[in-house]
Structure formats: structure tokens, C-alpha cells
J.: 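So that we are looking at the same thing, I have put the structure below in C-alpha cells.
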Amino acid sequence: MRSRRSWLSRVILLELVFLLALPWLGAVGVGAPVRAGDTYGSAHCRSSAKLCRTTWSGDNSVLRLRIVNQLGSSQLLARAQTAYGNWNSARGPQSFSGSARTNDSLIYLKRDDTLPAPNGYVLNCTQAACPASMPANILYSEVFVPLDNLDYGNIAISVFGHEFGHTLGLRHHSCCTLMTQGTTYTSPHAYDIGALPSCTTSLTNDSSLYGVRCIYHWDAD
Amino acid sequence: MDRLQTQHTDGREAIVASARDGHGSARDRVRSVWLGVVAAIAAVLLFGGIGLAAAGILRPSDSVMEEIVEEAGVRNASYLAEFIRGGGSIRDLPIIEIESYALAPASAEEAMAAAASVVRGTVRKVSFASNASGGLPIATSVIGVTDVAKGGMPASITVMQVGGPVAQPEGGALAQLDNDPLVAAGEEVILLLTEPDAMGIFHTLPGAGVSFIRGNVVEATEANRFAADVDGRSPEAVLAMLRTADQATR
């Protein structure tokens with residue numbers, strides 16, 4: 001009995017040491033998977049596949065994004081909710097919500113009425129700068145839209161959907177996707193999501209566009 | 001079967017005997033094992049959490065995030081104030097292009113149909129102000145009009161654009177929308193403008209609103225989808241082309 005107990009306590013001790021050391025090993029990059037906070041030299045997250053936001057746990061893990069409403073318009077908020085609901089219905093790692101979840105990544109929705117409608121823009125920010133010159137580890141994003149977007153019907157949803165794509169790290173696509181400037185799409189296109197397995201092909205003529213699956217190395221669906 | 005039952009009974013008797021021999025110490029041992037397990041779980045939660053935060057997996061708390069966002073706004077405002085005080089030129093700053101939604105017109109005809117007025121002019125003055133929304137700064141330019149291709153225009157107009165100097169870890173940068181480059185004082189430009197707002201202030205047409213004139217040659221911006229019709233031509237030729245395009249849309 002005694003030897004079994006001492007064996008058990010050794011296993012518990014070893015497990016403890018391992019559990020305590022794991023995050024620190026990850027922090028210094030020892031055998032750690034790709035993970036939030038990693039940088040890829042000076043590469044932009046959009047041009048070098050994978051990783052745009054700091055609170056992402058690594059390959060095949062869900063990216064939780066929380067919408068913080070500062071729009072001051074319930075009608076605009078409703079359009080934003082439709083837009084992020086459409087992103088949630090699409091495949092990929094993105095999971096938007098209006099409620100707080102553990103370790104989610106914040107997206108502030110704000111109004112900029114100086115912007116002629118229909119329009120919108122995103123500032124992707126790090127702790128050091130907003131906007132950041134080369135967002136590779138986005139800590140938070142700010143989406144700005146004018147109230148007058150409401151005069152353009154479903155385009156108000158398209159603008160939010162498009163800007164949410166930028167918060168994920170997607171850049172413009174020349175044709176026919178949610179990430180095309182002036183898009184009338186309200187949901188992500190297959191090009192916006194990207195190939196499966198991730199990063200195997202850009203699906204499009206633009207070899208630098210691999211979709212959100214590639215940015216976050218999402219092969220889970 | 002009988003043998004197994006005997007062994008089992010023997011084992012239980014042995015445990016009971018052992019417990020009876022050292023009643024207090026056995027209970028202490030059980031207690032200390034449980035205490036150890038509880039302490040271990042607490043340690044994992046505490047140090048593991050710190051470790052995860054250090055690894056960047058956990059983000060700062062909501063209240064800290066609020067401070068970070070607020071500090072960014074304060075930094076940008078103070079950098080802008082310093083830039084204005086110092087009389088700096090936006091052309092000396094590195095550019096951060098902010099991708100925006102608005103689509104540029106596909107052709108000169110489409111642009112002329114969308115533009116309320118088209119002018120050639122010189123930028124007399126540009127002033128920047130922080131944006132009350134917390135977004136990009138606001139650039140307000142006074143343009144001395146020298147020629148008009150569309151619309152009845154006064155000798156001087158005011159044009160508003162979104163963008164301006166923002167703070168960066170080392171110095172600052174010029175943040176501007178990818179389809180609406182900012183104009184700077186002293187520059188000669190051709191502007192395609194939307195209807196003025198209630199204050200009489202014009203806005204540039206996204207994607208085709210600004211073309212620069214350098215050495216009597218017009219340079220379209222990257223976002224301009226009919227740049228081939230504009231680039232490298234004289235201002236007079238470009239204005240004539242735009243007038244023709246305008247006629248074609250009527």
C-alpha cells in the first residue's frame with residue numbers, strides 16, 4: 001500500500017511540475033504551438049499566413065470576438081448583429097458575440113458621422129498604437145461607420161460584414177466577395193473563408209489571399 | 001472463487017488491522033493527501049493563469065483594456081497637437097493606409113455621374129482636428145479654385161477628409177483611407193467632389209476624388225480605377241476628358 005501511495009504522489013508531483021511549466025515553456029517558445037502573442041518577424045498577418053489577434057490560443061482553436069457596442073443607435077447595432085451572425089454561420093475559427101466570454105478579443109463599434117455614407121473603416125490596434133502600422137498581433141479593433149449607412153438598406157449590413165473581415169485580418173479582394181470594396185454581399189464568400197486544409201491554395205488569382213481559415217490555421221471544419 | 005474471496009477478506013482485515021494500529025496517523029495521511037491535491041489545484045490555477053497571461057493567451061482585463069483604449073486616444077490627440085504646434089508636414093510622415101468599404105467608380109463616366117462638382121485648384125491651407133468619435137483625425141482644406149469641369153464653384157471652397165497624423169511607438173504616421181489620400185498645403189490637385197453638406201463643406205469622391213498635379217502632369221492615386229485615363233496627362237487634357245465623360249452621362 002505504501003509503495004502504491006508513494007508512486008501515486010510521484011505521478012501527481014510530476015503532473016504538477018508539467019502543468020506549471022507548460023505555459024512558461026509556451027511563453028519562451030519551447031515546443032509550443034503557434035499561439036497568440038507570437039510574432040513572425042516583421043511580416044504582416046495578412047501576407048504571412050496565420051495569426052492576427054493576440055487572444056487566439058493556436059492552431060484549430062476558436063477565435064472569440066466580443067462586440068462592444070458604442071454606436072448609440074439600435075438600428076445600426078441590429079445591422080451589426082446580422083453581419084456578425086452571418087460570420088458565425090460561416091465555417092472558420094471566428095465566433096462573434098455581444099456577450100463577454102473567457103479571454104475574448106474586443107471589437108468596439110463606433111460612429112464616425114464625418115464619413116460620407118455608405119462607408120466604414122477599421123482601426124486595428126496594438127497596445128502601443130492605434131492604428132498600428134503593421135497589425136500582426138491585434139489587441140483590439142475599432143470599427144467606425146456613419147449613421148447615414150442606414151439610408152442604404154442592406155448595404156449597412158454589408159459594411160459591417162466587410163469591416164468585421166478586416167478585424168479578422170482579411171484585406172481587400174478585387175472581385176465578388178465580402179472583402180471586395182463596395183460589396184453588396186452580407187455573408188462571407190468561400191474566398192473569405194479559404195481552402196481546407198488551410199493555406200493549401202488561395203482559391204483566387206491573388207496568391208496572397210488565403211482566407212480566414214489560413215490566418216488562424218483552422219482545419220477543424 | 002473461494003480463494004479470491006479469502007484473499008479479499010484477508011486484505012480488508014489487514015487494512016482494518018493497520019488502521020486500528022495507527023488510527024490517528026492514517027486519518028492524518030488521508031487529510032494531508034487531500035490538502036495536497038487542493039493546494040496543487042490552487043497552484044495550477046494561480047501560476048498557470050499567470051503563465052498563460054505571460055504567453056499572451058490571456059488578454060488584459062476589461063478595465064485594463066478600457067485604459068489601453070483611452071490611452072491610445074490621448075496619445076493620438078497629444079501627438080496631433082504637437083504636430084500642429086511644430087508646423088510639421090504630413091509628407092514627412094510614413095503612411096498607414098486604412099482600408100475602407102467605399103468602392104471607387106469604375107470609369108470616368110461613372111465618376112462624373114457620382115461627382116457633384118469637379119475642380120482644379122491649389123491647396124491653400126490644411127488644418128487637422130481630433131475626431132470626436134475617437135476615429136481618424138479630420139483634415140479640413142481650403143482650396144483656391146483655378147478651373148471648374150463641373151458645377152458652379154466659388155473661388156475658394158472647403159473640403160473635409162478623414163485622416164491625419166497619429167501617434168506611433170516611434171514618432172508618428174499619417175493615417176489615411178486607402179481610397180482617399182489627403183492633400184497637403186501648397187499642392188495642386190484635381191478634385192471630384194460630392195454634394196456639399198449643410199455647412200457648405202465638400203467631401204472627396206472615394207477612389208477618384210483626388211488626383212495630384214506635379215510638374216504639370218496629373219498623377220492618379222492607386223485606388224483610382226480609371227487611372228490609365230489620367231496618369232501622365234496634362235491637367236488641361238484630364239479636365240477635357242472629364243468634361244467629355246460628363247457629357248456622355250447626360
Side-chain angles (χ1 to χ4, degrees), chain A residues 1 5 9 12 15-16 19-24 26-27 32 35-38 54-58 70 100 103-106 108 110-116 118-123 125-133 137 139-140 142 144-145 158-159 162-163 166 171-172 180-183, chain B residues 14-15 18 29 33 36-37 40 43-44 47-60 62 65 68-69 71-73 75-76 94-96 98-104 131-136 138 160-162 166-169 173 175 177-179 194 197 203-207 223:
Chain A
M1 276 305 284
R5 201 176 294 153
S9 62
I12 289 172
E15 230 167 81
L16 267 177
L19 281 170
L20 286 170
L22 192 63
W24 299 106
R35 128 178 326 166
D38 288 354
T54 55
T55 52
W56 173 64
S57 303
Q70 298 180 351
N103 203 29
D104 48 16
S105 184
L106 303 187
Y108 297 88
K110 300 184 175 188
R111 271 228 325 261
D112 186 350
D113 292 338
T114 61
L115 201 62
N119 210 346
Y121 65 90
V122 168
L123 303 185
C125 309
T126 61
Q127 189 156 351
C130 185
S133 61
N137 289 285
L139 180 61
Y140 66 98
E142 296 179 321
F144 291 89
V145 295
S158 301
V159 173
H162 180 91
E163 301 309 336
H166 286 315
R171 62 190 182 97
H172 285 149
T180 303
Q181 279 179 304
T183 186
Chain B
I15 292 167
S18 162
R29 258 185 237 130
V33 166
V37 169
V44 166
F47 294 110
I50 294 167
L52 287 168
I57 294 171
L58 291 181
R59 68 158 168 77
D62 281 8
M65 281 300 299
I68 290 170
V69 173
E71 279 166 15
R75 270 200 312 272
N76 283 341
I95 292 173
I96 299 176
I98 306 296
E99 290 172 306
S100 61
Y101 167 86
L103 179 66
N131 193 329
S133 70
L136 293 176
I138 304 297
M160 185 187 280
Q161 293 180 281
V162 173
V166 292
Q168 292 294 291
L177 301 182
D178 59 349
N179 56 15
T194 59
D197 61 22
H203 293 265
T204 45
L205 193 68

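So that the names make sense, note that chain A is the first sequence line, chain B the second, and so on, each numbered from 1.
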J.: Which bit of A/Ala132 is near chain B, if near means a heavy-atom gap under 4.5 Å: side chain, backbone, both or neither?
T.: backbone

J.: At a heavy-atom separation under 4.5 Å, does B/Ile98 approach chain A through its side chain, its backbone, both, or neither?
T.: side chain

J.: If you look at every heavy atom in B/Ser100 and A/Tyr121, which pair is closest and at what distance?
T.: CB-CB, 4.2 Å

J.: Taking salt bridge (Lys or Arg N to Asp or Glu O under 4.0 Å) as the definition, give me every residue that meets it alongside A/Glu142, ordered by chain and number, with sequence neighbours left out.
T.: A/Lys110

J.: Between A/Asp104 and chain B, which part of the residue has a heavy atom less than 4.5 Å away: side chain, backbone, both or neither?
T.: both

J.: Side chain, backbone, both or neither: which part of A/Gln127 has a heavy atom under 4.5 Å from chain B?
T.: both

J.: Mind ranking B/Gly135, B/Ala173, B/Ala72 by heavy-atom pairs under 4.5 Å with chain A and telling me who comes out on top?
T.: B/Gly135

J.: Go through the atoms of B/Ile96 and report whether side chain, backbone, both or neither lie under 4.5 Å from a heavy atom of chain A.
T.: side chain

J.: If you count heavy-atom pairs under 4.5 Å between each of A/Thr183, A/Thr180, A/Val122, A/Leu115 and chain B, which one has the most?
T.: A/Thr183

J.: Counting heavy-atom pairs closer than 4.5 Å to chain A, which one of B/Asp197, B/Asp62, B/Ile138, B/Thr204 comes out on top?
T.: B/Asp62

J.: Examine whether an atom of A/Val159 lies under 4.5 Å from a heavy atom of chain B, and if so say whether it belongs to the side chain, the backbone or both; otherwise answer neither.
T.: both

J.: Output the option from B/Ile95, B/Asp178, B/Thr194 having the highest count of non-hydrogen pairs under 4.5 Å with chain A.
T.: B/Asp178

J.: Under a 4.5 Å heavy-atom cutoff, which of A/Pro131, A/Cys130, A/Pro116 has the most pairs with chain B?
T.: A/Pro131

J.: Would you name the heavy atoms of B/Ala167 and A/Ala129 that are closest together and state the gap between them?
T.: O-CB, 4.1 Å

J.: Could you pull out all residues at least two apart from B/Arg75 that satisfy salt bridge (Lys or Arg N to Asp or Glu O under 4.0 Å)?
T.: none

